[in-house]
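Only one structure is covered here, and it is reproduced in the block below.
Heavy-atom basis, side chains included; hydrogens, waters and symmetry copies ignored. Residue numbers begin at 1 in each chain, while the letters A, B, ... track the order of the sequences.
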2 protein chains.
Amino acid sequence: MELTPDFFMKQALKQAELAFSEDEVPIGAVIVANNQIIGRGHNQVEKLNDPTAHAEMIAITAASSFLNSKYLNECSIYVTVEPCVMCYGAIKNARIKHIVLGCLEPKHGFTNFVSKPSSLELTSGVLEEESVRLMRSFFSSKRE
Amino acid sequence: MELTPDFFMKQALKQAELAFSEDEVPIGAVIVANNQIIGRGHNQVEKLNDPTAHAEMIAITAASSFLNSKYLNECSIYVTVEPCVMCYGAIKNARIKHIVLGCLEPKHGFTNFVSKPSSLELTSGVLEEESVRLMRSFFSSKRE
């Protein structure tokens, strides 16, 4: 049975919720190959005190390890929030084919900075409300 | 005694030579704070089968761990070859102040892709010949 984009984004949202529960900016990612999740990641920047420990980076490292390959050509990455420039670069380096986004990130998202997006496919707005709700709820809790 | 840019670039070149000796594209990086090296990295993409394992990423993770901070505000990064988009994004996320380069990388270097470089300082051409020589020697050995 072919699983739907909503199914995979729900798994990415579970990763984002995990980040939220650890007091991290709630962003999650999963990498999919042949209808199967081969890498998961949630934001761990605070926990690890590491500016490179974004959800996408951790998911890419996990998927590369799973496939024993530095290239993830036939894979899709599902991310709850638009990747930053670093994560976009990593997605490009890994030759991931397709990015599926929950919501855009107009301030720090890569589309605001990268002048020549490579040929990768981009789908936006999958379970967008859920991603936005998590982010809003996190930042409003921080302001309180 | 204030150490010179050449001194720090030589340390980055040592990292690049280490990568070369492990049959990796010979790129090395060091991160400097207060005239002291606080993080080192060499390219380990092949060894780890991980497209995120660039010299700069490893050096940033090491420096963040050393300072126990996700921000490296007052730091400089010395890299033998111009960073890719991923590494530029990581440098930006880490708020590193100053990038010092050995040589430019016209094809994959970030300046070819990023439309709005942030306010970080960029110095290029420190021990450029040594960086270029290492890269050429690596790729010509691969063609043989």
Side-chain angles (χ1 to χ4, degrees), chain A residues 24-25 27 29 31 39 41 43-73 75 77 82-96 105 107-120, chain B residues 24-25 27 29 31 39 41 43-73 75 77 82-96 105 107-120:
Chain A
E24 302 271 355
V25 176
I27 301 179
I31 293 176
N43 180 26
Q44 297 191 57
V45 166
E46 304 300 329
K47 187 180 175 184
L48 302 178
N49 252 333
D50 184 347
T52 75
H54 284 194
E56 302 92 314
M57 305 300 284
I58 294 164
I60 289 171
T61 297
S64 297
S65 171
F66 179 84
L67 293 181
N68 205 28
S69 166
K70 63 178 169 168
Y71 296 132
L72 304 172
N73 306 57
C75 299
I77 185 165
E82 183 185 350
C84 72
V85 172
M86 170 182 74
C87 292
Y88 164 74
I91 289 165
K92 204 176 110 159
N93 290 353
R95 305 194 184 168
I96 288 174
E105 216 290 19
K107 195 169 166 197
H108 299 294
F110 74 93
T111 52
N112 196 26
F113 298 98
V114 177
S115 54
K116 297 182 196 171
S118 66
S119 57
L120 54 76
Chain B
E24 302 271 357
V25 175
I27 302 178
I31 293 177
N43 180 26
Q44 296 191 59
V45 166
E46 304 300 330
K47 187 177 174 188
L48 302 178
N49 253 331
D50 183 348
T52 75
H54 285 193
E56 302 92 314
M57 306 299 285
I58 294 165
I60 288 171
T61 297
S64 297
S65 171
F66 179 84
L67 292 181
N68 206 26
S69 166
K70 62 178 171 167
Y71 295 132
L72 304 172
N73 307 57
C75 299
I77 184 165
E82 183 185 351
C84 72
V85 172
M86 170 182 75
C87 292
Y88 163 75
I91 289 165
K92 205 176 109 158
N93 290 353
R95 304 194 185 169
I96 289 174
E105 216 290 19
K107 196 169 165 196
H108 299 293
F110 74 92
T111 51
N112 196 28
F113 298 98
V114 177
S115 55
K116 297 181 196 169
S118 66
S119 58
L120 53 76

- Item | Side chain proximity check, A/E24 to A/V45, heavy atoms < 4.5 angstrom | yes
- Check whether NZ of the Lys or CZ of the Arg A/K92 lies under 6.0 Å from the centre of the six-membered ring of B/F113 and within 45 degrees of that ring's axis. yes
- Of the backbone (N, CA, C, O) and the side chain (C-beta and beyond), which part of A/H108 lies under 4.5 Å from a heavy atom of chain B, both, or neither? neither
- Verify, without hydrogens or angle tests, whether A/E82 (side chain) and A/F110 (backbone) share a donor-acceptor contact under 3.5 angstrom. yes
- What option among A/L72, A/N49, A/L67 has the most heavy-atom pairs under 4.5 Å with chain B? A/N49
- Of the backbone (N, CA, C, O) and the side chain (C-beta and beyond), which part of A/S69 lies under 4.5 Å from a heavy atom of chain B, both, or neither? backbone
- Message: So A/T52 and B/T52, do their side chains get closer than 4.5 Å, heavy atoms only?
- Response: no
